[in-house]
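The chain is numbered in sequence order, starting from 1. Start at 1 and go down the list; that is how both ligands and their atoms are numbered.
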Amino acid sequence: MKDTFKHKGLRQQLVNVVKAKGITDENVLNAIGKIPRHLFMDSGFLDHAYQDKAFPIAADQTISQPYTVAFQSELLKIKKGDKVLEIGTGSGYQTAVLCELGAKVYSVERQQELFKKTSNFLPKLGYRAKKLVFGDGYKGLIDEAPFDSIIVTAGAPFVPKPLLSQLKVGGRLVIPVGGDVQVMTLFVRKGSKEFEQHEFGEFRFVPLLEDKN
Ligand code: SAH
């Protein structure tokens, strides 16, 4: 688990790339500059870790593109101490970004292999989520609701109702919605039954899967 001077330099270049693509939130940029992304990927991919690209991880899943991670994180507008639910823990990279932003993170993953691997790995880097859960993200996490914000890091064919209902009033849900290509969508809860909806262009995620545990 080495993080060298070279990695730090590559990371700074990555921060500049993400910045040039339009990310302005300093806290998000600092998190990207700090987190050793190469350690979240299998060793064969070390050289690719600091390119702005998604990459394969275990169980046919991917670690999201840094720009996408930054974009979603910026939309969440996290304040220190916010209670944040992540659906799709995967490699734990986004989880680490949320921890760096000062969130109390709850994260759900439906692939057992990834759940185990990442539960074991994140504390080694000093990232302590409040709770990592093996389960189905379509249901949210009713026992811990409500949340200040919820981030879905897989492409959702539709917006799961439990996620909207587990938001605090004023809370934000950031979710890519669609089939092969998804539209990044932000819901802001304005009242118990009132939601504002904003759309932010197209992204490609692995699918949010149903009924396959
Ligand atoms: N945030 C991750 C992205 C991983 S890709 C990262 O930074 O690496 C999306 C993840 O969502 C995969 O790990 C996949 O197994 C998981 N996933 C897919 N469907 C899910 C569901 N219904 N509930 C929870 N996790 C799910």
Handout entry: Pair K117-D42, salt bridge (charged side-chain N to carboxylate O under 4.0 Å, His left out): steps then yes or no
Key = CA-CA 12 Å; K117 193 174 172 188; D42 295 331; 3.2 Å; yes

Exercise for the section: Please step through side chain to side chain contact (heavy atoms under 4.5 Å, CB included) for the pair Y127 and E100, ending with a clear verdict. Expected result: CA-CA 8 Å; Y127 292 114; E100 283 290 349; 2.6 Å; yes

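When only non-hydrogen protein atoms are considered, atom 5 (S) of ligand 1 lies nearest to T62 O, 3.1 Å. Protein heavy atom closest to atom 9 (C) of ligand 1, with residue, atom name and distance, is T153 O, 3.3 Å. Closest to atom 22 (N) of ligand 1, if we only count protein heavy atoms, is L209 O, 2.7 Å. Of the protein's non-hydrogen atoms, E109 OE2, 2.5 Å is the one closest to atom 15 (O) of ligand 1. Here the heavy atom of the protein found nearest to atom 12 (C) of ligand 1 is Q61 OE1, 3.3 Å. Nearest protein neighbour of atom 23 (N) of ligand 1, counting heavy atoms only, is G137 N, 2.7 Å. At the shortest separation from atom 18 (C) of ligand 1 among protein heavy atoms lies P207 O, 3.6 Å. Protein heavy atom closest to atom 26 (C) of ligand 1, with residue, atom name and distance, is R110 CG, 3.5 Å.
Taking CG of L29 as the reference point, atom OG of S73 lies at 10.5 Å (rounded to 0.5 Å). Here the CD1 atom belonging to I32 is positioned 4.0 Å from the OH atom belonging to Y93, to the nearest 0.5 angstrom.
Summarising the contacts of atom 8 (O) of ligand 1 with G90, S91, A58, the nearest heavy atom is found in S91. For atom 7 (O) of ligand 1, the nearest non-hydrogen atom from the set Q94, Q111, E113, K139 comes from Q94. Remark: among candidates A96, G88, G135, A54, the nearest residue to atom 1 (N) of ligand 1 is G88, based on non-hydrogen atoms.
Ligand 1 lies out of reach of E210, whose nearest heavy atom is not under 4.0 Å from it.
Taking the side chain as every heavy atom from C-beta outward, F147 and V84 never approach each other to under 4.5 Å.
With a 4.0 Å cut-off on non-hydrogen atoms, T89 touches ligand 1 through its backbone and not its side chain. Contacts between V206 and ligand 1, counted as non-hydrogen atom pairs separated by less than 4.0 Å, involve the side chain only.
If you number the atoms of ligand 1 from 1 as listed, the ones under 4.0 Å from a heavy atom of E86 come out as 1 (N). Annotation for ligand 1: atoms under 4.0 Å from non-hydrogen atoms of S64 are 3 (C). Close approach of ligand 1 to Y138 (heavy-atom distance below 4.0 Å) involves ligand atoms 22 (N). Residue contact check: V108 has heavy atoms under 4.0 Å from atoms 24 (C), 25 (N) of ligand 1. For ligand 1, the atoms closer than 4.0 angstrom to any heavy atom of D136 are 21 (C), 22 (N), 23 (N). Counting atoms of ligand 1 from 1 in the listed order, those under 4.0 Å from a heavy atom of L114 are 13 (O).
Under a hydrophobic-cluster definition in which Ile, Leu, Val, Met, Phe, Trp and Tyr are linked whenever side-chain heavy atoms come within less than 4.5 Å, directly or via other members, F115 and V206 are assigned to different clusters.
Counting all heavy atoms, side chain and backbone alike, A58 lies closest to E113 at CB-OE2, 3.4 Å.
Of the candidates D136, I151, L208, L173, I87 forms a side chain to side chain contact (heavy atoms under 4.5 Å, CB included) with just one, namely L208.
The environment of F158 atom CZ is dense: over 12 non-hydrogen atoms of other residues, nucleotides or ligands sit within 6.0 angstrom.
The pair D143-K131 fails the salt-bridge criterion, with no side-chain N (NZ, NE, NH1 or NH2) lying under 4.0 Å from an Asp/Glu carboxylate O.
There is no side-chain donor-acceptor pair under 3.5 Å between Y50 and H7. In the model, T185 has no side-chain atom that pairs as donor or acceptor with a side-chain atom of Q197 under 3.5 Å.
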